[in-house]
Amino acid sequence: MMTKISYVAFSTALLLVAALLLSAVPASYGQLPLPAGVPRGDVLVIENHWGTYANPNNWNSIASPGVGPASIAPGGSGYQQLCKAFLWYINTSNSMLIPWIAAEPPIYSPDFTSLIVKIRDGVYWNDGTPLTAEDVVFTLKYLKEAPAPIGTNEKASVKDARALDKLTALIELNSPNPRWHYFYAVIIYGAGGILPKHVWEGKDPQKFENNPPLCAGPYNLRAVDPGGNWFLWERFDNWWGSKVFGVVPAAKYVLYINHGPDEAKALAMTKHELDALRTLLPEQAELVIKNNPYLKGWRASAPFAWPLDPCVKGLAFQTKTPPFDKREVRWALAYAIDYRVIYRAFVGIDRSTPTPAALPVIPHASDIEKYYIPLLDYLKQYGYDPELVLDIARENDAWWAEQYPVLGFWKQDLAKAEQLLTAQGFRRGADGKWLMPDGTPWTIEIKTTSGFEMESQRIAFLAADQWRAFGIDVKVTPLESGPFSTSYSIGDFQVGTFWPGCSQILDLYANWYNRWHSKYWTQKKGEGGHGTGWNTAEAPIEELNRIVDELERTAPDTERAFELYREALKIWVRDLPWLGFFPTPFYTFQDGYAWDNWPTHPENYYMDPVSWWSQHLFIILKVKPTGRAPTKDAIMDPKPLKVANTPLVKVATAAEWEKLIGAPPAVGVTTITVRETLTQQVTEVRTQLVTQVQTQTVTTLDVGLLSGVAAVVGVVLLVVGIAVGRAMGRRKPA
Amino acid sequence: MSRLLIFIASRLVAFAFTVVIGVSVVFIIPRLLPYNPVEAQIGFIYSIGQFYDPTAIEMLRQTLYELYGLKGNPIEQYFAVWRRILTFDLGPSIMNFPTPVITLISIALPWTIGLLTFSTLFSWTVGNIIGTVASFFNHKKFSKALTGIAVVLYPVPYFILALVLMFTFAYLIPIFPLGGGLTLVGMGLSLELALNLAKHAALPAISIIIPGALGWWFLSSYTLTTQKKTEDFVRYAELKGLSSRVVLRRYLIRNILMPQTTALGLALGGIFSGALLTEVVYAYPGIGRLLYAAIINNDYNMIMGISLLSILGVSLATLLLDLIYPLIDPTVRYR
């Protein structure tokens, strides 16, 4: 009878159930989500820095500019590193183009209104279907016709596209643009990819889930965490690249996994359960540095941090809001800052130092030679001191200190700051604090980050201290990413730690576009887009407009283009719309315990060590097992990948262009005769597809199962609860 | 009978009223925040450095306003929200556009329900039993020890406790994984799957149960019992010569059960808003993270979807408690 059940017995039963659950944990069970029997040495484990994906089953890469596992942005699922079909990559370590699915750089017509893309012979999708010019043409037209916001770039820029033959596509543009191919070339993170026509044709571009995705890379999706934390990719041994380049990646599996907060990632890296990660806060970085003797970073030994992140971090001024609309005020605020203090604050415990960047240009070696050194005399007119932090850099063995002792900053000059402000009508009050020209006290609000990009928050507080010491009241407002991005986009700020100064490659236009020409400035304050420009329609800088206009008709990597960039940079220095300090160092750790041949500066610097960018593919293709971790299917001595680095574009002469497009457009290109060797591949590939389908079924089952388990547990508990309740309800008082 | 009907009707009206107020507040607050999902998304596109055509960005901005349902005045948007709720269509998630909110919630919810139902019920039961027993026998050594533990544990910040547990049981003595909800397992329902799930849920569950059972539920039932012990009816029972077991079971536990059941009901209703810190620390998939991401990205539709669940959860729990009270509390029944 229910009434006989004592509370003690009831609670003992519950305790027993819990104990059973908790103790039923075989200690030998692997901690990483791997198929049974797979040894650690077969797997490359990379951080899913994006975190938990809300819908891990949607592999539609075009529908959302947001955050699905296949969207370009987050790069945490491995899709863009291992699967997506890119025509070109740009090697950020040397600013050159790597033709990938394309056989060579794009060939532009002399007036830049058309271009020809040549596909590499022998490229096929992982189901064996050849990847041809038809796929390129299909992708462009499909995106152009899809409802916005899908394909906004294609709608705005592509007039028409057609296949000239199986491997040649002709793309006609709405207006001249010698850089159109940047939409399809990975600069950082990702870019547009080619869609397999035979998969996407006839599909609703918004609703099609593309699950599992058909890849053109060396790995196929093997399994997905129904909870959205990890993605497991399995080597595809029949990959086209293995035939064309003769390489097979060493790792049998690549696992992208979110271990949780920084603390968990640091523990995972010291346990060798994580081979590459994005970055850690200094405290967690210290933990890893002290406890993992195999650790590598940007360099093979300390200092580890990667000092060339593509955005210069610092302070941006709202150039439409008084008093920041006056360049004299912006310069006064720059002269009020002691850069040495800020620089020293960023020296890491492993002696990592930032690379100073007074210009909105990331100082890679080639950028220093093209921009910093030629502009040195001009910069000095504005108080640039190339030796300002050289001693700190030398003490800490900074990579540039010996080779390029020219990276400095604007020297603190309080007298000049005082003089500039006084000339603008500012004066000091009785308490020594600055008053605005109208006599009211001057208070600056700095908007900064909170909960992400914490380095920028440190910059805000350091700068605030110095401006306060100079006699200006400063309030720092940390904001979460949503309000932070919004305030930048609509221009609702005075000063903020935004980062408009990004550059990944020597051809700076890739990051400039609408920030540098007043014709792209259509918004008023409070409307979207306001904060992203400094050359405004209300007060255009004609000189700069002229330069950008000419750039838009000048091929990248030409001497004329570099001259124009230098001219534009001079105007930027004169106006100082934002004050960049340096790219903040990232601890892009790479664990040398299980895997070796990571890129390290300078001796083996074949690629930037950035695991969330698409270019990480080239690292995945190069790493080798060390033999410390047990292996079964890993390739112990993979062949090195040799792939050409080429100029960014080719421009045809009028005669060459005629010849190129002279042949009548090929009709019916879809009926390509597949060569016999390829037919052979198709059969082999089919097995692979079946595996994929099975894996997906597992995933679906898990979700259903979970809901089932939850429901059953819920019902059981409810029944028990009601029973207990009723039992107690029926009791008569003793 | 008519009094019962009036009782039920009044509770139902209160329930409906709560839901309407809740939905309205959830509608208004995100729209008052100084940010906007479209601009945040455009800012994000800028920040990742992908090459975009300047005119394409403008086109993107305009269409996003339209697709996210942010065009039209607030009154129109408000009625559109009600239309959606009443037709069980919560619209597309903005941050995961165009995946429907319902799909995303249905992926995250089972995890949260599984973890929190178990750990809430478990800590409630254990906490109340040991709290009451410890208070009844408050002169015993175990009682003093337990009280000491509870007083120390209760104020420990959850984040610290969770990290200590992780460091101890996933790193020093690696019996549990660092995080996540599930590793790769074979097909279908199996013991392996159940164990795998349990193993991943163990640390998160322990981290909720320890401060719950040994902290709040223990302390509250301890205090309640201490207070009830001095009441006349308990003294009377003792004078009647009833054994202390009977006094404990029939006089004390049943009386402290009243407020504790209310609290349990509310705690269970609150499950639908998830356990954010647990989910973050242990990378446990669940509704709390989804809500956090929705708030960070100002995903109005998702915030509304999860809040609606939470509002319904708490107000349904309250309604049910109101209706069940007469069953467990004779003083309510006989009124």
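No experiment lies behind these values; they were computed from the predicted model shown. Side chains are part of it too, since the values below use all heavy atoms of this structure and drop only hydrogens, waters and symmetry mates. To find a chain, count down the sequence lines: A is the first, B the second, and so on, and within it residues start at 1.
- Looking at B:Phe169, there are no atoms closer than 4.5 Å to chain A (heavy atoms on both sides), in backbone or side chain.
- Only the side chain of A:Asn58 comes within contact range of chain B, with at least one heavy atom under 4.5 Å from a heavy atom of that chain.
- In the displayed structure, A:Phe452 atom CZ is contacted under 6.0 Å by more than 12 heavy atoms of other residues, nucleotides or ligands.
- Looking only at heavy-atom pairs under 4.5 Å with chain B, the residue among A:Gly227, A:Pro261, A:Pro483 that has the most is A:Pro483.
- A donor-acceptor pair is defined here as one N or O able to donate and one able to accept, closer than 3.5 Å; such a pair exists between the side chain of A:Asn229 and the backbone of B:Ala283.
- With a 4.5 Å cut-off on non-hydrogen atoms, A:Ile257 does not touch chain B at all.
- Side-chain contact check for A:Thr52 and B:Tyr284: no donor-acceptor pair (N or O, by modelled atom type) lies under 3.5 Å.
- Between chain B and the options A:Lys265, A:Glu263, A:Lys155, A:Glu273, the largest number of non-hydrogen pairs under 4.5 Å is found for A:Glu263.
- Contact annotation for A:Pro35: both backbone and side-chain heavy atoms come within less than 4.5 Å of a heavy atom of chain B.
- Considering every non-hydrogen atom in both A:Ala268 and B:Leu178, the closest pair reads CB-CD1, 3.5 Å.
- Of all the heavy atoms in B:Leu290 and A:Ala54, the pair that sits closest is CD1-CB, 3.5 Å.
- Side-chain atoms of A:Lys207 do not come within 3.5 Å of backbone N or O of B:Thr99 as any donor-acceptor pair.
- Minimum interatomic distance between A:Lys271 and B:Ala170 (heavy atoms only, all atoms of both residues): NZ-O, 2.8 Å.
- Heavy-atom minimum distance, A:Gly51 versus B:Arg289: CA-NH2, 4.5 Å.
- Contacts between A:Gln206 and chain B at a heavy-atom distance below 4.5 Å involve backbone atoms as well as side-chain atoms.
- B:Phe159 touches chain A through its side chain: at least one heavy atom from C-beta onward sits under 4.5 Å away, while N, CA, C and O do not.
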